[in-house]
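Just below is one structure, and these are the notes that go with it.
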Number of protein chains: 2
Amino acid sequence: MARLSRDRVLRTAVDLADRIGIDALSMRRLADELDVVPMALYKHVAKKEELLDGMVDIVIGEIDPPTRGAAWKAAFRQRILSARRALLRHPWAPRVLESRTQPTPAVLDYMDSMIGIMRSGGFSRDLAHHSMHAVGSRLMGFTQELFDDKRGIDPTTLPPQVLQAMIARYPNIAEMAGVAVHEEHTVVGAGCDDQFEFEFAVDILLDGLERKLAVAQKSAAG
Amino acid sequence: MARLSRDRVLRTAVDLADRIGIDALSMRRLADELDVVPMALYKHVAKKEELLDGMVDIVIGEIDPPTRGAAWKAAFRQRILSARRALLRHPWAPRVLESRTQPTPAVLDYMDSMIGIMRSGGFSRDLAHHSMHAVGSRLMGFTQELFDDKRGIDPTTLPPQVLQAMIARYPNIAEMAGVAVHEEHTVVGAGCDDQFEFEFAVDILLDGLERKLAVAQKSAAG
DNA sequence: ACCTGAACACCGTTCAAGT
DNA sequence: ACCTGAACACCGTTCAAGT
């Protein structure tokens, strides 16, 4: 068994969270995994918060560096999609990220670099600021979804009467989800392509920002 | 002291969370507040999750009904801003909302109604679907922010050398935040208007969706 | 000086004993 | 049948006792 180190503690925590989920990741469970008494962890992380910060930084470290020489929009888009790929590897990451009260240096580096891409592309300080807020959590590759189809109810598992009742009460949701009941057959839509939805939203935002940038540059030139 | 009831349990929980924060809201603390033994709560809510669901529904209940007769964009926008006002009254609500694994009927009612607004405005089923994902958590009046200025570090409280080091390391963040150090004076920007940032993002999305709708309707007509 | 078992102050929830 | 105190199985973290 390798000697304990901060790095080994953090990497094991990431792997363990990938495997058992973030709710089940306790200091005690992590210590078990490392064949160590719980208190031994406290030599490498001061508190659990510091452990979570370290785990976030590992995920951030998986984001590709910015593409050199690309136009702002392409560079920004590629980086966001890379962040998304990193996040998808660690399903717990969005929840942990949003629970941090202080951004870590790695998060600040990433944000600074993203603002830099916009500034180099001609964004004013204010427009860059608004843009960061507009993009929000998508900057890190995730959307705060309220209608997560995966977490929702699978209509195929519902008794027909219940499904019928839901369609009656939520006709627009049902129609949107492509759920319909024909006499005796239940037709269920094809579900939802998360990657498509993510890019749809990112592109609306980037197109909108491009338009704002053009307006700002025109009025500055005129 | 009034008799315990599900409604009184839920309303007290909302008030208590507003006051002491969601992390401090435990079943035991809530029972204390109601001058009741912890187990008494379990007659009105089966588990803590059900308590949280009930609290969410109270917040959802504070969202104004849709404006009758308004065009889709105005109706949608007004409702989102109303949701935001409700959320702002209960700072814990976004975090609780996003932790729910199943949407409650009240959330489904709200979403169904929002989809209905779009469908009546001419959105196809697919465009309405993409739009819901694009708007994401903003539908409920909040943005998943990564750069929450309020939770961040207040630059005025930092020692000058630390501030200088941060500006050197994160020049774009510093510039965006309007932080600058002049010889001996430290100038700090005016901060950030959350309401403005929220509406900026909402309007980019709504404008983008309006454009997609127009394209779809033109190609359908042609 | 270092390491760690026991303990502390909490959780949500179960369950059996009491009325 | 109803109510509830004690208990269970956990937490993160402190601290003092042991080496």
Side-chain angles (χ1 to χ4, degrees), chain A residues 1-58 92-93 95-102 104 151, chain B residues 1-58 92-93 95-102 104 151:
Chain A
M1 193 51 60
R3 276 265 288 130
L4 217 54
S5 69
R6 185 182 159 86
D7 192 68
R8 201 160 87 85
V9 169
L10 296 179
R11 297 204 172 273
T12 307
V14 167
D15 289 349
L16 192 58
D18 289 349
R19 235 157 54 230
I20 67 173
I22 196 69
D23 286 332
L25 182 85
S26 68
M27 295 299 272
R28 288 161 134 105
R29 179 75 179 77
L30 176 58
D32 257 17
E33 189 73 13
L34 287 159
D35 266 318
V36 150
V37 78
M39 282 315 297
L41 300 176
Y42 285 82
K43 203 144 301 157
H44 301 98
V45 286
K47 8 174 58 195
K48 195 185 184 185
E49 296 284 288
E50 200 179 302
L51 178 81
L52 295 173
D53 281 343
M55 292 171 69
V56 163
D57 282 355
I58 287 179
W92 46 268
R95 238 215 292 166
V96 173
L97 243 161
E98 70 202 32
S99 75
R100 303 300 73 214
T101 48
Q102 296 290 340
T104 63
R151 286 196 315 183
Chain B
M1 191 52 58
R3 277 264 290 129
L4 216 54
S5 69
R6 185 181 159 86
D7 192 66
R8 201 161 87 86
V9 168
L10 296 179
R11 299 206 169 269
T12 307
V14 166
D15 289 349
L16 192 58
D18 289 350
R19 234 157 54 230
I20 66 172
I22 196 69
D23 286 331
L25 182 86
S26 67
M27 294 300 272
R28 287 161 135 104
R29 179 75 180 79
L30 175 59
D32 258 17
E33 190 72 13
L34 287 159
D35 267 317
V36 150
V37 79
M39 282 314 298
L41 300 177
Y42 286 81
K43 203 145 301 159
H44 301 98
V45 286
K47 7 173 61 194
K48 196 185 183 185
E49 296 285 287
E50 200 179 303
L51 178 80
L52 295 173
D53 281 342
M55 292 170 70
V56 163
D57 282 355
I58 287 179
W92 46 269
R95 237 210 299 160
V96 173
L97 242 161
E98 70 202 31
S99 75
R100 302 301 73 213
T101 49
Q102 297 289 340
T104 63
R151 287 197 314 184

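In terms of the salt bridge (charged side-chain N to carboxylate O under 4.0 Å, His left out) criterion, residue partners of B/Asp7 (sequence neighbours excluded) are, by chain and number, B/Arg11. B/Arg28 meets the salt bridge (charged side-chain N to carboxylate O under 4.0 Å, His left out) test with no other residue; sequence neighbours excluded.
Taking for each of A/Ser26 and B/Val37 the nucleotide of DNA chain D with the nearest heavy atom, the 5'-most of the two is the partner of B/Val37.
For the side-chain hydrogen bond (donor to acceptor under 3.5 Å, both in side chains) condition, the pairs that include at least one residue of residues 42-56 of chain B, sequence neighbours left out, are B/Arg6-B/Glu50, B/Asp53-B/Arg100.
Here the closest heavy-atom approach between residue B/Glu98 and residue B/Arg95 is recorded as CG-O, 3.4 Å.
Distance noted for atom P between C/dC8 and D/dG18: 16 Å (whole Å).
Rounding to the nearest 0.5 Å gives a distance of 4.5 Å between CG of B/Leu16 and CD of B/Glu33. A distance of 13.0 Å separates CE in B/Met55 from OG1 in B/Thr104, rounded to the nearest 0.5 Å. Atoms CG and OG1, from B/Asp35 and B/Thr12 in turn, are 11.0 Å apart once rounded to the nearest 0.5 Å. Between atom CG of residue A/Asp18 and atom CG of residue A/Asp15 there is a gap of 6.0 Å, rounded to the nearest 0.5 Å. Interatomic distance, A/Leu52 CG to A/Leu10 CG, rounded to the nearest 0.5 Å: 10.0 Å.
When DNA chain C is scanned 5' to 3' for any atom under 4.0 Å from a heavy atom of chain B, the first and last hits are C/dC11 to C/dC15.
Looking at residues 39-49 of chain A, you'll see A/Met39, A/Lys43 sit with a heavy atom under 4.0 Å from some atom of DNA chain C.
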Exercise for the section: Would you sketch DNA chain C in dot-bracket for me? Only Watson-Crick or G-U wobble pairs with both distances under 3.5 Å count, crossing pairs as [ ], other-strand pairs as |, the rest as dots. Expected result: ||.|||||...|||||.||
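Partner of A/Leu34 under the side chain to side chain contact (heavy atoms under 4.5 Å, CB included) criterion, chosen from A/Asp32, A/Leu30, A/Val37: A/Leu30.
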